[in-house]
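Presented below is the structure to which this report refers.
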Amino acid sequence: MILIAFLGYNSVYFQKLSTHKNQKNVTFDFNLFADSLYFKGILTNTKAIDLNELLVQIKENSDSAFKTHGNRLGIGNSAFFMVKSQGKVSKIDNGQLTIAALNGSFINLETKYIFGNAIRDASGLVKLTDFKTNADFNKVSEALNTVIREKVLPKNISKIKIGDEISFTGALKLSKKEVLGLVILPVFITLKEK
Amino acid sequence: MKYLSLILSLLILACSIKKEVEKPKIAVVISTLNNPWFVVLAESAAENAKKLGYEAKIFDSQNNPATESDNFENLISSGFDAILFNPTDADGSIANILKAKTAKIPVFCMDREVNADDAATSQILSDNYSGCVEIGIEFVKTLREKGKYVEIIGLVGDNNTWARSGGFHSVVDKFPNLKMVAQQSGDFDRNKAMEVLETIMQAQPDIDAVFCGNDAMAMGAYQALQSAGKADKVRVFGFDGASEVVEKIRENKIVATGMQYPKVMAKTAAQYADEYFKGRREFPQRVPVEVELVKSSNANKY
């Protein structure tokens, strides 16, 4: 037991951004940083807003909802939101889970195409100014996406089948310009015990 | 005494009129005007600067760092007060920005990033990486995760080239049945891309798709495929949002592109220069501008 606790403790390393900033000439370990970001930050993130609540707020005042809950770096029509919700799995197709929510709406959980900056930006945990170039800033996303796509989600979804009830937290992209489908890139999925 | 005060008043008035006449001058230095996309960026930057009440002049660097360096020497000695800058080279252009900085002239980069975060006053840049991630996903889905493809990249010294290629490959490389059979530079040029693809197809006649780092090259690739009678079989993907490519997407002849907003970047850079003249000194070093995926299902909105 003590050995397991010891190994568990030493399997996760945390690296502060301030350390990174001071290491300009040292190769930065993005994988290590993503590991620490995932296990330290997103997993325990309490900022995720309930999806239904977000949609209600957007209907009432989209500008305010985008400003309060969304994250858009720079200039653009869309923003990323960290949302949480739950429902029953109604379809599983090529890595995409269709979820029937309690209110009758359908949500898609994309577990295969987890790429880009959606999760990094929805989390709000990393700032553009933390990295010297956009290329480095994007490497954070790649490493973080790899952790979630290859380490976390395969375990999360391995036992999930149609009819199961699940809860999940993930990144959602919404646009003020056009209606985008409710496709969420999950950060984690939890199978509810029957 | 009466005459003396009158003369003094006239002198003060003359000085104030001169000050009004001598508006701050803004230089718009553009990597090349041999590409319609950059012409839009240049003209839009100059137009916005003029709307804000400044004189504006466009300098063409002709994709040549030496010409760009000469442009900077000229505009510094000519007394320009701010530079809206589209660099030719991510590393090579830093020295020019630093020359301007030494002369206390703010530089606002547009579209192309330089590899320094302490040279330019601010850099307003297309989010090329994210745009090409979306294109990469569309590419994988269109090809159903398998096939042979060619990548035609832009100028090798331009960060945008690698941001686009990097975003695309961050997706596509995760699918082992998608094989890149050739990757060559088309220098962001239509004719060069056409020639490059024609040559590649002699050795690789059975490709399924071509990803191009800009729309000019996508049009060149499409032209090469048309000449070879393969335009219906080989899928073409571009980047920029050029109107002729959007038109081709509507006709289902090109699959997708990433819509960039050069006018937004130019307007923001001009506004920043205006704010600088009015006393603002703190600017975000990098301002990403969203790129939107254009495909057949939404092409009518663009």
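Each chain gets a letter, A, B and so on, in the order its sequence line appears, and its residues count up from 1.
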Row check, B:F283 ring normal vs B:R280 NZ/CZ: under 6.0 Å, within 45°: yes
Proximity breakdown for A:K139 and chain B, heavy-atom pairs closer than 4.5 Å: neither
Residue part contacting chain B, namely of A:S78, when any heavy atom lies under 4.5 Å: both
Atom group of A:N94 that falls short of 4.5 Å from chain B, counting heavy atoms: side chain
Hey, which of B:N159, B:N298, B:I137 has the most heavy atom pairs under 4.5 Å with chain A? B:I137
Looking only at non-hydrogen atoms, find the nearest pair between B:I152 and B:M217 and report the distance. O-CE, 3.4 Å
Which one of B:V171, B:V287, B:V289 has the most heavy-atom pairs closer than 4.5 Å to chain A? B:V171
Geometric class of the A:F28/A:F30 ring pair [parallel <30°, tilted 30-60°, perpendicular >60°]: perpendicular
On a heavy-atom basis, the closest approach of B:K146 and B:L178 is C-CD2, 3.5 Å
Answer yes or no on whether A:K176 is positioned over the face of A:F66, meaning its NZ or CZ is under 6.0 Å from the six-membered ring centre and within 45° of the axis. yes
If I measure from the heavy atoms of chain A, does B:E134 come under 4.5 Å with its side chain, its backbone, both, or neither? side chain
Kindly state whether the ring of B:Y149 and the ring of B:F211 have centres lying under 6.0 angstrom apart. no
B:D118 versus chain A, heavy atoms under 4.5 Å apart: side chain, backbone, both or neither? neither
Toward chain A, the part of B:E113 with a non-hydrogen atom under 4.5 Å: side chain
Donor-acceptor side-chain pairing of A:T111 and A:Q96 below 3.5 angstrom: no
Sort out for me which of A:A135, A:A118, A:G116, A:S175 touches chain B most, counting heavy-atom pairs under 4.5 Å. A:G116
For the candidates B:T268, B:V133, B:V264, B:N128, which exhibits the highest count of non-hydrogen atom pairs separated by less than 4.5 Å from chain A? B:V133
For chain A, which of B:M265, B:K174, B:K301 has the most heavy-atom pairs under 4.5 Å? B:K174
In terms of the angle between their ring planes, are A:F137 and A:F131 parallel, tilted or perpendicular, with boundaries placed at 30° and 60°? tilted
